[in-house]
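By convention in this document, chain letters (A, B, ...) are assigned in the order of the sequence lines, proteins followed by strands, and residues within each chain are numbered from 1.
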Protein chains: 2
Amino acid sequence: MVDAPERSVSDADEEIMRATYRALREHGYADLTIKRIAAEYGKSTAAIHYHYETKDDLLAAFLEYILDRFVAAIHDVETTDPERRLDLLLDKLLVDAEDHYDLLVAMLEMRSQAPYKEAFGERFRRNDEYVRYLLRTVIDDGIAEGVFADADAERVASALMTIVDGARTRAAVLEDPTELAAARRVTDEYVTATLLADES
Amino acid sequence: MVDAPERSVSDADEEIMRATYRALREHGYADLTIKRIAAEYGKSTAAIHYHYETKDDLLAAFLEYILDRFVAAIHDVETTDPERRLDLLLDKLLVDAEDHYDLLVAMLEMRSQAPYKEAFGERFRRNDEYVRYLLRTVIDDGIAEGVFADADAERVASALMTIVDGARTRAAVLEDPTELAAARRVTDEYVTATLLADES
DNA sequence: AGCTTCTTACTAACCGATCAATCAATTCCG
DNA sequence: CGGAATTGATTGATCGGTTAGTAAGAAGCT
């Protein structure tokens, strides 16, 4: 009953995910090897294989882990006021990414492998649908409350996500984090033009 | 004088570029090996190394080759009417990409390696600046001719490129080519709202 | 004692790159 | 003109290195 330390059964798993995270930021996805993950883990490569049969299994688990963290981060936007909530969501999607440039690059690498790794594609699509759902919902709420003009919430959400992904890709590829802040202003312009175009 | 065949000095180079292009579309950048390029080339791997010292050299040459083709394609937009020219440029950037999905994916892979391969980053930045110059110029021309409303051409061009890159990333990652056409409509909306907002 | 966890040592496959050797075409020279 | 020398292009074999994954047994915990 002395479960005080409460090192849960999958305690090692959590540490391996963290080690993978560090190795990924340090070496990038293309140069992410089991050896390097093991080095961060502080144990042998075989120890990794004890917990995860194949590298693919580990990577799939890691993608689950990292996207769950992302969802958790975006989930703590609790404001219900539609205009404020949309602002905060876009901040999470664009502004917060500035502090994690290495991760931004690595995630772009992983995303570029989606067409070749079905597990990746599936998980990225699911995440995409979740974000789209959040955006569509807040927009629809705003329309229902009358603070947003009548608009096609689905299309507006898609447009915003395209801008978000464009900014992330450009920030990573051009090694220019200011792309994110610039895109944040574009989303504001877009929101103002399409959702706040009141003819009062 | 009988230079009829005219197999130019760098004839082999051209064929290797084409072989690389085929191998890239077929296997993707991550799985692009000299062996696979040689297979497409129809000769041995050593034959590749005879023409290009290292794999990096070959890849740098290929990126030059493929981006030169892109520039050539975008260059044949000769219309001078600003509104029409902007439309055609955006068509080249978004609509035409639909026919080359495999290349779209591979180019995203290569772009994601820009932070690790300075030669890539440099070349991608140069290409980016060229596209930005084209867009800025056509917008400034339109403003000068009075067909576009007064606007910050640099910022509008950046916004359009963010949308373009977002659509390309999403089309590749989500394996959904319709993202491109959808983004094309967003650019139209954006152009209408920022450049054609005449209060006649 | 017995189960979980881990290490050491290993394999098989693949990678980019290098090597000497070969062949065909071209150039040089008497 | 014609043989000799040179050059460009290519092959097959191989090298050193790295990869993911495996096998067998030791350590440690309960």
Side-chain angles (χ1 to χ4, degrees), chain A residues 1-20 22-24 26-63 106 109-110 113 116-120, chain B residues 1-20 22-24 26-63 106 109-110 113 116-120:
Chain A
M1 271 295 182
V2 188
D3 52 357
E6 183 55 44
R7 320 238 340 137
S8 91
V9 191
S10 61
D11 181 49
D13 290 357
E14 172 72 22
E15 268 181 53
I16 292 176
M17 292 296 101
R18 277 206 266 265
T20 305
R22 290 193 299 273
L24 182 67
E26 195 166 340
H27 305 285
Y29 175 78
D31 289 326
L32 184 67
T33 67
I34 296 216
K35 193 176 175 181
R36 283 175 171 148
I37 297 171
E40 290 290 340
Y41 186 37
K43 311 216 166 138
S44 70
T45 63
I48 303 285
H49 278 292
Y50 174 78
H51 293 281
Y52 297 92
E53 274 208 359
T54 68
K55 188 186 181 185
D56 273 8
D57 287 346
L58 188 153
L59 291 177
F62 175 76
L63 188 56
E109 284 188 88
M110 294 188 76
Q113 296 307 303
Y116 308 105
K117 272 193 164 15
E118 185 47 35
F120 280 19
Chain B
M1 274 297 183
V2 188
D3 52 356
E6 183 59 43
R7 323 265 303 163
S8 96
V9 192
S10 62
D11 182 47
D13 289 357
E14 172 72 23
E15 268 181 55
I16 292 176
M17 291 296 100
R18 277 206 267 263
T20 305
R22 290 193 299 273
L24 182 67
E26 195 166 339
H27 305 285
Y29 175 78
D31 289 326
L32 184 67
T33 67
I34 297 217
K35 193 176 176 182
R36 282 174 172 148
I37 296 171
E40 290 289 339
Y41 186 35
K43 310 209 166 149
S44 71
T45 62
I48 302 284
H49 277 293
Y50 176 78
H51 293 282
Y52 296 92
E53 276 209 357
T54 68
K55 188 186 180 185
D56 272 9
D57 287 346
L58 188 153
L59 290 177
F62 176 77
L63 188 56
E109 283 188 270
M110 293 188 77
Q113 294 307 303
Y116 308 104
K117 272 193 163 16
E118 187 46 34
F120 280 19

Check your understanding: For dA9(D), does either OP1 or OP2 sit under 4.0 Å from a side-chain N or O belonging to Y50(B)?
Key -> yes
Study note, to complete from the structure: Rounded to whole Å, the CD-P distance (E15(A) to dT4(C)) equals 19 Å
Review point. Starting at CG of D57(B) and ending at P of dG16(C), how long is that distance when rounded to a whole Å?
Key: 14 Å
Check your understanding: Mind checking whether L24(A) and M110(A) have side chains closer than 4.5 Å, heavy atoms only?
Key -> yes
Check your understanding: Which part of the nucleic acid, if any, lies within reach of Y52(A) when heavy atoms closer than 4.0 Å are counted: base, sugar-phosphate only, or nothing?
Key -> nothing
Check your understanding: How about D13(B) and Y52(B): do any of their side-chain heavy atoms sit closer than 4.5 Å?
Key -> yes
Practice item. With sequence neighbours excluded, give me every side-chain hydrogen bond (donor to acceptor under 3.5 Å, both in side chains) pair touching residues 39-49 of chain B. Key: R22(B)-E40(B)
Practice item. For D13(B) and dG8(D), give me the distance from atom CG to atom C1', rounded to whole Å. Key: 13 Å
Exercise for review: Please name all residues satisfying salt bridge (Lys or Arg N to Asp or Glu O under 4.0 Å) with E26(B), sequence neighbours left out, ordered by chain then number.
Suggested key: none
Review point. Taking protein heavy atoms under 4.0 Å as touching, what does nucleotides 13-30 of chain D look like 5' to 3' if B marks base contact, S marks sugar-phosphate-only contact and - marks none?
Key: ------SSBBB-------
Review point. Stepwise, does the side-chain contact (heavy atoms from CB on, under 4.5 Å) test hold for Y116(A) with D31(B)?
Key: CA-CA 10 Å; Y116(A) 308 105; D31(B) 289 326; 5.7 Å; no
Point to revise | d(CD1, I48(B); P, dT10(D)) in whole Å | key: 9 Å
Review point. Near E118(B) CD, under 6.0 Å, is it more than 12 heavy atoms from other residues, nucleotides or ligands?
Key: yes
